[in-house]
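Notes to accompany the following structure.
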Amino acid sequence: MSEVKKEYLNFIEEIIEEDIASGKHNARVHTRFPPEPNGYLHIGHTKAICINFETAQKYGGKTNLRFDDTNPTTEDTEFVESIKKDIKWLGFDWEGEALFASDYFQNLYDFAVMLIKKGLAYVDDSTPEQIAEQKGTPTKAGTHSPFRSRSIEENLDLFTRMKNGEFKDGSRVLRAKIDMAHPNMHMRDPLLYRIKHETHHRTGDEWCIYPMYDFAHGQSDSIEEITHSLCSLEFRHHRELYNWLIEQLGIFPSRQIEFARMNVAYMITSKRRLKKLIAEGLVSSWNDPRMPTISGMRRRGYPAAALRNFCDKAGVAKRENVIQYELLEACVREELNKTTDRVMGVLNPVKVVIKNYPEGQVEQMEVVNNPEEEIPTKRTMPFSKEIYIERDDFKEEAPNRKYFRMAPGRNVRLKGAYIVHCEGFEKDANGEVTEIHCTYYPDSRSGSDTSGIKAKGTLHWVSVEHAIEAEVRIYDRLFTDETPDKHEDKDFLEFYNHDSLDTIEKAYLEPSLQNASPGTQYQFMRLGYFCVDETSTKEQLIFNRTTTLRDSWAKKNKS
RNA sequence: UGCCUGAUCGUAUAAUGGUUUAAUAUUCCUGACUUUGACUCAGGAGAUGAAGGUUCGAAUCCUUCUCAGGCAACCA
């Protein structure tokens, strides 16, 4: 137990530990998660959430939830609520109330005035096209706006009038005065404020000018005295501006650190594309169990703990990555294996008649709920003369010695019940097996087996008379390609997996599931993990397949 | 073709000039166990982009090259 494992730090933790060692910010660690309330959180956000919250947690620090709501055109309070819900569900709690960049609009405005007074910002009357033109290209220096040299007084006056609503949308912007020939495009007199006569979801019509990301995010970090502002690699080029503004404004020096965002095979995270899937009717909604959204994964039955573990295992670094879908599934199984009750359900049934079992007799068989529990609990399942087994578990002829499911002449154990011997079967005109005939060994009852008969295979089953019906939705990956959105020549929809949903209208489940409540997760023995859909009712039970069990037999048979 | 990143088993992360036959997880392959072909356990396969250089010693430092990604929204 005293084994000391060497703990490795990721590059962010290294920076933090250096800062702590040097006493920076009094060794305080304070991070933030800054979503824009314009959509639903997805697997990529999950990673950002885990990094921000867990890193702070590790060093006894705090994490703010701050909505980056500086664009009234796209944002809505509806998303604020769903984002909060998702973060809480993931198992994290932010410091104090949720914060909003919009709460700082006045501070930000004052900062802008400060910059103007320092001669570091100017009001530009150029059109969007002209400004784009002025920016130049990565290989060609930009040119100065004709309005660049306005006097401080004129800029102050114009900016005040911008705020007062005297100008139309798009007619003027506030720009930082930096360097139009800068090798970093973001330093070529970036836009700070634009005019938008629009109602903001929180500030209403109080403002008609709104700060751009670069003039809101870093400043908000400073206002909140965020010590380590963790974001994804795409903001690398913004860092120079982030630091420039902090320096010019003389405000709290938050530090931006970029990490590579997590990509997961067979998943996409582009909001635009996700939206398109819904618009085209390829998925039902934002929380369709196939969606890579947090709400979708929750409905699919992925436990929060599994998602957190997945992000941890994926690691943190600065290089591009595509995490295997298998790792996600492994994490989901690891968690569900520990927590779910084992139940029996037959998805594709074939009837078995046990010829020597007394007509009308019903026995209550005791089965363990979850063998992983320290003190396993039990329940009972009715057993009778006619049962259903999985069609896949029967073959008209056993293919080889390695096959140990049901076939004429073979013995198999019915889980928790008896060993049966297969005598024969009936087929219909189409050659489909309609009924299997077996005999059972009365002294082979589970728990008190004195028969001495050995059966290599064990099958799940349900009693025909007692089984309940349910709809079962079999989900598979949404795309057939690992990186559907990374093909220059092909649209991502070309890789849509048309078999990503297979609805089984009538599956037969053991009666104990009658009262299964939405959200509850189970392991359907030998089939996989399933969870009760949020729309499920007692009258119409609906189960979603979260994922299958590992199946080395199926794998072996494929080749 | 200006600037910035990055490159280690199939995938992801680690090794911070020397405990190094480059580790761990996942994946894959064997086998054991099993009233879930699950779980668990045991074993195995598999990598330092290339070329030079510094050094007693390089995945690690230097040079050049190669490859991949990012940057020019009144989005964030």
Side-chain angles (χ1 to χ4, degrees), chain A residues 6 8-10 14 34-36 38 68-71 73-75 124 127-128 131-133 135-142 169-175 181-186 188 191-196 209-210 212-214 216-217 231 233-240 258 260 262 265 271 312-331 333-334 337-338 342 344 367-368 371-372 402-405 412-417 419 444 446-447 449 454-460 482 523-528 548-557:
Chain A
K6 184 165 182 190
Y8 298 112
L9 303 176
N10 64 46
E14 276 177 16
E36 185 189 8
N38 72 345
D68 240 339
D69 56 347
T70 57
N71 185 0
T73 314
T74 57
E75 296 153 6
D124 195 339
T127 64
I131 289 174
E133 183 67 30
K135 291 250 178 184
T137 70
T139 53
K140 207 180 92 211
D169 285 9
S171 59
R172 285 184 167 83
V173 293
L174 183 73
R175 285 230 254 175
H182 200 106
N184 180 348
M185 299 290 294
H186 291 278
R188 323 247 262 225
L191 273 64
L192 267 24
Y193 264 94
R194 79 285 214 189
I195 302 170
K196 269 180 190 278
I209 55 171
Y210 293 92
M212 300 288 292
Y213 166 84
D214 285 308
H217 190 89
C231 63
L233 248 31
E234 57 186 310
F235 294 101
R236 171 66 186 80
H237 303 271
H238 293 257
R239 192 171 76 209
E240 204 167 359
E258 313 88 15
M262 181 178 72
K271 269 177 205 162
D312 289 346
K313 283 185 171 170
V316 179
K318 277 196 278 197
R319 62 169 150 166
E320 298 276 317
N321 60 75
V322 180
I323 311 294
Q324 288 184 303
Y325 191 77
E326 288 81 352
L327 183 63
L328 211 203
E329 292 205 304
C331 291
R333 290 186 185 117
E334 184 185 12
N337 178 52
K338 287 188 292 199
R342 274 62 169 166
M344 293 193 223
V367 286
V368 170
E372 300 284 320
K402 289 274 195 178
Y403 176 89
F404 41 85
R405 298 183 182 186
V412 292
R413 157 78 63 184
L414 294 172
K415 176 74 185 178
I419 294 175
S444 68
S446 190
D449 184 352
K454 53 184 196 298
K456 194 78 175 142
T458 301
L459 308 185
H460 59 279
E482 286 195 2
Q523 183 195 103
F524 283 13
M525 272 209 190
R526 303 208 306 131
L527 295 176
T548 60
L549 253 31
R550 274 187 69 223
D551 191 348
S552 55
W553 170 247
K555 207 175 287 169
K556 222 177 288 180
N557 277 24

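These numbers come from a predicted model, not from an experiment. Naming convention: chains lettered A, B, ... in sequence-line order (proteins, then strands); numbering from 1 in each chain.
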Pairs: protein N or O with nucleotides 26-34 of chain B N or O, under 3.5 Å:
from: B/C28; atom 1: OP1; to: A/K555; atom 2: NZ; distance (Å): 2.5

message = Please evaluate residues A/R342 and A/N337 with respect to the criterion side chain to side chain contact (heavy atoms under 4.5 Å, CB included), reporting the C-alpha separation (whole Å), side-chain torsions for both, the decisive distance (0.1 Å), and the verdict.
response = CA-CA 9 Å; A/R342 274 62 169 166; A/N337 178 52; 2.6 Å; yes
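- Shown here for A/M262 and A/A314, the closest heavy-atom pair between the two residues is SD-CB, 3.9 Å.
- Contact between A/Q324 and A/A265 at its shortest, heavy atoms only, is CA-CB, 4.4 Å.
- A/T139 has no side-chain polar atom (N or O) that falls below the 4.0 Å cut-off from OP1 or OP2 of B/C3.
- Here the shortest heavy-atom pairing between A/S171 and A/I195 reads OG-CD1, 3.9 Å.
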remark   = Quick tally for nucleotides 70-76 of chain B: nucleotides whose base has a protein heavy atom under 4.0 Å get B, sugar-phosphate-only ones S, the rest -, giving BSB-BSB
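- Using a 4.0 Å heavy-atom distance criterion, A/G447 is classed as a base contact.
- Of all nucleotides listed (B/G37, B/A15, B/U35), B/U35 comes nearest to the side chain of A/S446.
- Qualifying salt bridge (Lys or Arg N to Asp or Glu O under 4.0 Å) partners for A/R333, counting only residues two or more places apart in sequence or in other chains: A/E329.
- The CD atom of A/E14 sits 13 Å away from the C1' atom of B/U13 (whole-angstrom rounding).
- Closest-nucleotide positions on RNA chain B for A/R405 and A/N321 were compared, and the one nearer the 5' end corresponds to A/N321.
- Looking at heavy-atom distances under 4.0 Å, A/G416 makes contact with a base.
- Between the OH atom of A/Y403 and the P atom of B/G37 there is a distance of 12 Å, given to the nearest Å.
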query = How is the base pairing of RNA chain B summarised as a dot-bracket string, given the Watson-Crick and G-U wobble criteria with both distances under 3.5 Å, [ ] for crossing and | for another strand?
reply = .((((((..((((....[....))))((((((.......))))))...(((((..]....))))))))))).....
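- Per the geometry, CG belonging to A/N10 stands 7 Å off P belonging to B/A14, to the nearest Å.
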query = Checking ring-ring contact (aromatic ring centres under 6.0 Å, His included) for the pair A/H217/A/F235: CA distance, chi angles, key distance, verdict?
reply = CA-CA 11 Å; A/H217 190 89; A/F235 294 101; 7.1 Å; no
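- With hydrogens and angles ignored, a donor-acceptor pair under 3.5 angstrom links the side chain of A/R342 to the base of B/U36.
- Here B/A25 presents its C1' atom at 15 Å from CE of A/M262, a figure rounded to the nearest Å.
- Residue side chain A/W553 meets the stacking definition with respect to B/G37: its ring centre sits within less than 5.5 angstrom of the base's six-membered ring centre, and the planes differ by less than 30 degrees.
- Under the 30°/60° scheme for interplanar angles, the aromatic rings of A/W553 and A/Y403 are found to be tilted.
- With rounding to whole Å, A/K318 atom NZ is found 17 Å from B/A68 atom C1'.
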Restricting both atoms to N or O, compile the protein contacts to nucleotides 60-62 of chain B shorter than 3.5 Å, with distance only.
none

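- Summarising the geometry of A/F404 relative to A/V412, their closest heavy-atom pair is O-CG1, 3.9 Å, with the distance given to 0.1 Å.
- Applying the salt bridge (Lys or Arg N to Asp or Glu O under 4.0 Å) rule to A/E133 yields no partners; only residues at least two apart in sequence or on another chain are considered.
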